[in-house]
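The structure under discussion appears below in the form of structure tokens.
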Number of protein chains: 2
Amino acid sequence: MDNLTALFKEKNLKLTPQRYAIYKYLKSTKSHPSAEMIYEALRPDFPTMSLATVYKTVKTLIELGLVQELNVGEDNFRFDANVDTHPHIVCTSCGRVDDIEDAVFEHLNEEVENYTNYKVNTHKLYFYGVCPNCQGEL
Amino acid sequence: MDNLTALFKEKNLKLTPQRYAIYKYLKSTKSHPSAEMIYEALRPDFPTMSLATVYKTVKTLIELGLVQELNVGEDNFRFDANVDTHPHIVCTSCGRVDDIEDAVFEHLNEEVENYTNYKVNTHKLYFYGVCPNCQGEL
DNA sequence: ATATTAATAGATAATATTTTTCCTTAAAGA
DNA sequence: TCTTTAAGGAAAAATATTATCTATTAATAT
Ligand SMILES: [Mn+2]
Ligand SMILES: [Mn+2]
Ligand SMILES: [Zn+2]
Ligand SMILES: [Zn+2]
């Protein structure tokens with residue numbers, strides 16, 4: 001019995017095929033998809049699944065601490081099954097959102113406490129630029 | 001003739017009382033208001049102004065480079081007449097959004113270029129924590 | 001295996017935010 | 001003052017997300 005099964009059981013949540021598929025898909029991809037993108041990606045395997053189920057499931061996964069929400073400045077949210085605090089970069093030309101690998105900014109929370117009276121818990125860091133693909137198309 | 005008048009003239013835009021008031025209000029406040037909050041704040045002086053005008057105006061101001069948009073993870077946008085790249089902190093208890101004064105993170109763009117093939121232009125940095133007011137209420 | 005029960009999927013309606021449309025008004029310049 | 005054209009306001013439309021409601025199904029016990 002794996003972690004996921006145990007966690008769902010602990011919270012009296014049912015591990016349905018839809019939930020399992022959505023989480024597995026988020027774990028498998030580095031594309032930081034929106035709800036709509038998840039819905040489209042899973043449609044071939046789950047043609048009857050509704051978009052509302054995607055929204056409800058990602059919310060559940062977030063509450064479980066299995067997924068985090070990203071806000072890159074679009075009119076929708078994106079989701080990431082990597083729940084560690086890590087920076088992202090957005091291509092302002094094609095809209096893709098990538099992780100920035102190996103860059104560590106965990107010291108930022110402590111560093112900023114010297115400049116504010118807040119108790120600082122976490123941060124979100126989004127870079128904006130032009131991805132290699134879009135640089136080529138100039 | 002001030003800068004604002006000149007800039008609007010250059011772009012063939014009209015400097016209406018509504019636009020002037022919205023920009024002046026954004027310049028005057030540190031609260032990073034949403035469109036709705038701007039609308040409510042100016043309602044006493046501009047009781048006939050519509051919310052659509054607020055939305056249209058902030059969009060215009062952004063295109064002029066006079067205002068920037070923030071995405072702290074709410075279901076709406078906030079606006080800031082300080083267009084310099086600077087970090088913000090969000091109170092997860094009461095929702096207020098503050099500047100972090102004096103903290104300089106301008107080196108981040110260059111630093112991160114070592115970890116990605118993107119051409120990096122700018123970034124947005126949001127901290128999350130508990131503000132002094134809300135710390136007292138525990 | 002079957003029955004029981006409570007949670008969830010899916011359909012749909014509702015809500016919230018933002019944008020668009022369309023017509024009237026008014027800013028800017030002559 | 002007159003003309004031109006951008007912009008305001010009201011309302012509808014478009015998007016994204018959430019809530020409601022009923023049938024289904026996962027989980028557990030028998
Ligand atoms: Mn990521
Ligand atoms: Mn600010
Ligand atoms: Zn790109
Ligand atoms: Zn607070």
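Residue numbers start from 1 in every chain, and the chains themselves are labelled A, B, ... in the order their sequence lines are given, proteins ahead of strands.
Note that OH of B:Y23 is 4.0 Å distant from NZ of B:K27, once rounded to the nearest 0.5 Å. Interatomic distance, OG1 of A:T85 versus OH of B:Y128, reported as 11.0 Å (0.5 Å rounding).
In this structure, A:N71 places its CG atom 13 Å from C1' of D:dA16, rounding to the nearest Å. Whole-Å rounding puts the B:E69 CD to C:dT17 C1' distance at 12 Å. A straight line from OH of A:Y20 to C1' of C:dT8 spans 19 Å, rounded to a whole angstrom. One can place NZ of A:K59 at 18 Å from P of D:dA16, the figure rounded to the nearest angstrom. Distance A:M37 CE to D:dA16 P: 12 Å, rounded to the nearest Å. For the pair A:E40 CD and D:dA16 P, the computed distance is 12 Å after rounding to whole Å. We find that CD of B:Q18 is positioned 14 Å from C1' of C:dT24, with the value rounded to whole Å. At whole-Å resolution of the value, OH in A:Y23 and P in C:dT8 are 17 Å apart.
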Can you tabulate the close N/O pairs, meaning under 3.5 Å, that link protein atoms to atoms of nucleotides 27-29 of chain D?
residue : atom : partner : partner atom : Å
D:dA27  : OP1  : A:L15   : N            : 3.2

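Ring geometry for B:H32 against B:H88 counts as perpendicular: the plane angle is over 60°, on a 0 to 90° scale with 30° as the lower cut.
You'll find that the side chain of B:N76 is closest to C:dT18, out of D:dG9, D:dT17, C:dT18. Distances from the side chain of A:S50 to the nucleotides D:dG8, C:dT17, C:dG10 place C:dG10 closest. Each of C:dT18, D:dG8, D:dT20 was ranked by its minimum atom distance to the side chain of B:L51; first place goes to C:dT18.
In this model, a donor atom of one side chain and an acceptor atom of the other lie less than 3.5 Å apart for B:D98 and A:Y118.
Looking at heavy-atom distances under 4.0 Å, A:T48 makes contact with sugar-phosphate atoms alone, never a base.
Each of B:Y39 and B:M37 belongs to its own hydrophobic cluster when Ile, Leu, Val, Met, Phe, Trp and Tyr are linked at side-chain heavy-atom distances under 4.5 angstrom.
Counting only residues at least two apart or on different chains, the salt bridge (Lys or Arg N to Asp or Glu O under 4.0 Å) pairs with a member in residues 38-58 of chain B are B:E40-B:R43.
The nearest heavy atom of DNA chain D to A:E36 and to A:K56 marks one nucleotide each, and the one closer to the 5' end goes with A:E36. Place A:M49 and B:S34 on DNA chain C by their nearest nucleotides, and A:M49 ends up nearer the 5' end.
For A:R19 and C:dA9, the shortest distance from a side-chain N or O to OP1 or OP2 is below 4.0 Å. At the phosphate of D:dT17, OP1 or OP2 sits under 4.0 Å from a side-chain N or O atom of A:Y55.
Across all their heavy atoms, A:H86 and A:D84 have their closest contact at ND1-O, 2.6 Å.
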